[in-house]
Amino acid sequence: MKEIITAVLLMLGALLMLLAGLGLFRMPDLFLRLHGAAKASSLGVGLLMGAAALGLGDVSVVARAALGVTFVFVMTPVATLLIAQAAFRAGIPLWERTHQNDLEEHHPAGGPYEPRLGPDGEE
């Protein structure tokens with residue numbers, strides 16, 4: 001039974017990683033590509049690490065897999081957010097069918113980032 005669950009987790013993880021790769025090619029702009037790749041790859045890595053932990057069953061492997069999944073789940077959203085903010089500030093255009101732009105009021109038209117300086121000249 002353990003082998004069947006491990007195989008199912010491996011197949012689902014591989015499928016999600018494939019979907020993440022396809023999302024990089026199919027999505028129309030950088031921001032949608034980041035979203036698709038980050039979500040699917042995080043879940044794919046989680047399932048693959050879970051399969052490794054279940055299949056090998058050693059305490060050290062389970063601990064390493066848990067730490068790896070935790071690291072991926074914490075760092076992927078942060079890295080994706082920082083990349084998206086940098087791209088937006090650099091003026092990378094949004095897809096023409098994008099209807100909502102929450103950052104537009106802070107950076108009109110997705111223009112280059114210009115820090116707002118306070119009265120003492122500090123950002």
Side-chain angles (χ1 to χ4, degrees):
M1 185 67 177
K2 182 172 86 168
E3 291 83 15
I4 294 173
I5 295 172
T6 301
V8 168
L9 289 176
L10 283 172
M11 294 299 289
L12 288 174
L15 179 65
L16 283 171
M17 297 299 280
L18 176 66
L19 289 175
L22 288 174
L24 290 174
F25 290 108
R26 299 285 300 164
M27 296 294 177
D29 73 347
L30 173 82
F31 305 100
L32 293 173
R33 288 179 186 146
L34 278 173
H35 174 76
K39 300 290 184 193
S41 66
S42 293
L43 291 174
V45 166
L47 289 173
L48 291 174
M49 292 287 222
L54 181 65
L56 297 174
D58 188 26
V59 174
S60 66
V61 174
V62 172
R64 289 177 188 170
L67 287 173
V69 168
T70 303
F71 181 76
V72 168
F73 278 19
V74 168
M75 294 308 293
T76 300
V78 173
T80 303
L81 174 70
L82 292 175
I83 292 169
Q85 283 181 345
F88 188 82
R89 290 176 177 172
I92 302 293
L94 298 173
W95 184 35
E96 66 269 358
R97 290 179 53 188
T98 300
H99 298 291
Q100 182 175 346
N101 182 359
D102 292 336
L103 293 176
E104 189 171 34
E105 62 192 39
H106 301 292
H107 307 285
Y113 173 67
E114 296 177 11
R116 296 182 182 172
L117 300 178
D120 56 352
E122 296 289 323
E123 187 175 344

Got a list of side-chain donor-acceptor pairs under 3.5 Å for residues 51-75, not counting sequence neighbours?
from	atom 1	to	atom 2	distance (Å)
Asp58	OD2	Ser60	OG	2.8
Thr70	OG1	Ala66	O	2.8

### Query
Leu48 and Leu9: side chain to side chain contact (heavy atoms under 4.5 Å, CB included), yes or no, with the steps?
CA-CA 6 Å; Leu48 291 174; Leu9 289 176; over 6 Å; no

Is it true that [X] and [Y] fall in one hydrophobic cluster, defined by side-chain heavy atoms closer than 4.5 Å?
| X | Y | answer |
| --- | --- | --- |
| Leu19 | Leu24 | no |
| Met1 | Met11 | no |
| Val8 | Met49 | yes |

### Task
Specify the closest pair of heavy atoms between Arg33 and Met27, including all atoms of both residues, with the distance to one decimal.
NE-O, 3.0 Å

### Query
If you look at every heavy atom in Ala20 and Ser41, which pair is closest and at what distance?
CB-N, 3.8 Å

### Summary
To the nearest 0.5 Å, atom CG of Leu34 lies from atom CG of Asp29 at 9.0 Å

### Query
Rounded to the nearest 0.5 Å, how far does CG of Leu43 lie from CE of Met17?
10.5 Å

